[in-house]
Amino acid sequence: GDSVTQMEGPVTLSEEAFLTINCTYTATGYPSLFWYVQYPGEGLQLLLKATKADDKGSNKGFEATYRKETTSFHLEKGSVQVSDSAVYFCAHLYNFNKFYFGSGTKLNVKP
Amino acid sequence: DAGVTQSPTHLIKTRGQQVTLRCSPKSGHDTVSWYQQALGQGPQFIFQYYEEEERQRGNFPDRFSGHQFPNYSSELNVNALLLGDSALYLCASIRQGALRTDTQYFGPGTRLTVL
C-alpha cells in the first residue's frame, strides 16, 4: 500500500552546515509530494511541494526534487540556521485528497 | 483571513469518556479532513467531510465519528476513550474544486490527553 519512509532523527547540525533529510515513497500512480515543518507546540506548515516528476520545490532556502525513478523526494538546505530547528515531515497526497505522512525527522541546529 | 481554527487547544479526559473536537475551515473552503498525530509519529488520516457527508475514511474504529455543518465547520467525536487516543488532532481544509491545484491548510491542532 501507499507509504512514506524518511530518515530517523534526530539530526544534529552546526549552524551553516549542509542539510539532507532522505524521503522515499510507495504510491499508486504519480502523487504530489510535500515537505511540512512542525515547530514545537504548533501545527503543520507547508514548506514546499512538487506535483510531477523532475519538479523542484523550493522555499526559504530549502529544496527537494521529485525523482520518479528512485521514488524519492529528499530535502536539502545549503546552510541551516538555529531557527530551522523543528520536525520535518515528508508526505504524499493520494488521489488529491488524503495525505500519507512519514514519521518525521527532528532537526536540531546548534549555534 | 483567520485560516483554519480548532478548539479547544488542550483537553484532558479519562478513559471511557467521550470527547468532541471542533474545526472551522479557512474562508472559502468546503472540505475538511481530520488527522491523528501520536507523539513522535506522523499524522494519520481519520476521515474527510464534504457536503456534510463522510467521503473517505482511514483505518480508524467506529468510535471515531464526525459531522460537518452547513457552514462547513466540522466536529470530530471520539467515544469510549482509550489511553492510546492521546494525540494531537489536526484539521485540514481545502476547497473541493481546487483539490488538484491548491494545497490543504492545517490548523494548529487540539492536544488530547487521556488519563
Side-chain angles (χ1 to χ4, degrees), chain A residues 1-11 21 23-52 55 57 59 64 73 75 86-107, chain B residues 2-7 9-10 21 23-26 29-51 53-60 87-111 113:
Chain A
D2 290 47
S3 67
V4 174
T5 302
Q6 60 182 105
M7 63 188 287
E8 290 190 19
V11 173
I21 300 178
C23 170
T24 58
Y25 66 92
T26 302
T28 306
Y30 304 104
S32 297
L33 302 175
F34 300 77
W35 278 99
Y36 278 87
V37 58
Q38 188 173 42
Y39 297 99
E42 298 186 11
L44 296 175
Q45 296 179 25
L46 175 65
L47 182 59
L48 54 83
K49 69 176 185 180
T51 58
K52 60 183 186 296
D55 268 3
N59 186 26
F73 193 55
L75 182 68
V87 181
Y88 291 82
F89 292 94
C90 183
H92 81 70
L93 187 65
Y94 172 76
N95 199 29
F96 300 101
N97 254 322
K98 170 182 169 181
F99 279 105
Y100 286 89
F101 285 91
S103 57
T105 302
K106 185 174 183 179
L107 171 65
Chain B
V4 180
T5 59
Q6 294 186 242
S7 63
T9 305
H10 296 88
L21 310 182
C23 171
S24 291
K26 182 177 168 62
H29 289 184
D30 55 10
T31 302
V32 173
S33 300
W34 286 92
Y35 289 80
Q36 180 196 64
Q37 185 181 8
L39 194 63
Q41 300 297 315
Q44 292 195 356
F45 178 78
I46 303 175
F47 43 52
Q48 183 181 84
Y49 276 84
Y50 170 61
E51 292 186 326
E53 290 187 4
E54 183 183 292
R55 298 290 177 161
Q56 286 195 74
R57 189 178 183 91
N59 189 25
F60 280 80
L88 179 69
Y89 288 85
L90 295 165
C91 170
S93 75
I94 193 168
R95 184 173 61 87
Q96 183 71 207
L99 278 176
R100 292 174 180 264
T101 56
D102 202 356
T103 301
Q104 296 188 41
Y105 289 79
F106 282 85
T110 293
R111 173 75 62 187
T113 301

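From a predicted model like this one, the values you see are computed outputs, not experimental measurements. Side chains are part of it too, since the values below use all heavy atoms of this structure and drop only hydrogens, waters and symmetry mates. Sequence lines set the chain letters: A, B, ... in the order given, protein chains first and strands last, and positions in each chain run from 1.
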How are the rings of B/Y35 and A/F99 set to each other: parallel, tilted or perpendicular (split at 30° and 60°)? tilted

Spell out the residues in residues 87-96 of chain B that have some non-hydrogen atom less than 4.5 Å away from a non-hydrogen atom of chain A, in order of number; otherwise answer 'none'. B/L88, B/L90

Give, as side chain, backbone, both or neither, the part of A/L46 having an atom under 4.5 angstrom from any heavy atom of chain B. side chain

All side chain to side chain donor-acceptor pair (under 3.5 Å) counterparts of A/K52, not counting sequence neighbours: A/D55

Cut-off 4.5 Å, heavy atoms of chain A, and the answer for B/Q41 is both

Contacts of B/E51 meeting salt bridge (charged side-chain N to carboxylate O under 4.0 Å, His left out) (sequence neighbours excluded), chain-then-number -> B/R55

Rounded to the nearest 0.5 Å, the CD atom of B/Q44 sits from the NZ atom of A/K98 at a distance of 10.0 Å

Locate the shortest heavy-atom distance separating B/T103 from A/K49; write the atom from each residue and the value. OG1-NZ, 2.7 Å

Pick one of side chain, backbone, both or neither for A/Y100, based on which atoms fall under 4.5 Å of a heavy atom in chain B. neither

Nearest 0.5 angstrom please: B/Q56 CD to A/Y94 OH, how far? 7.5 Å

Evaluate whether atom CD of A/E8 has more than 12 neighbouring non-hydrogen atoms of other residues, nucleotides or ligands under 6.0 angstrom away. no

Show the nearest heavy-atom pair for residues A/F101 and B/P43, with the distance to one decimal. CD1-O, 3.4 Å

May I ask you to decide if A/N97's main-chain N or O and B/Q104's side chain share a donor-acceptor pair within less than 3.5 Å? yes

Considering only heavy atoms, give the residues of residues 35-42 of chain A separated from chain B by less than 4.5 Å, sorted numerically, with 'none' for an empty result. A/Y36, A/Q38, A/E42

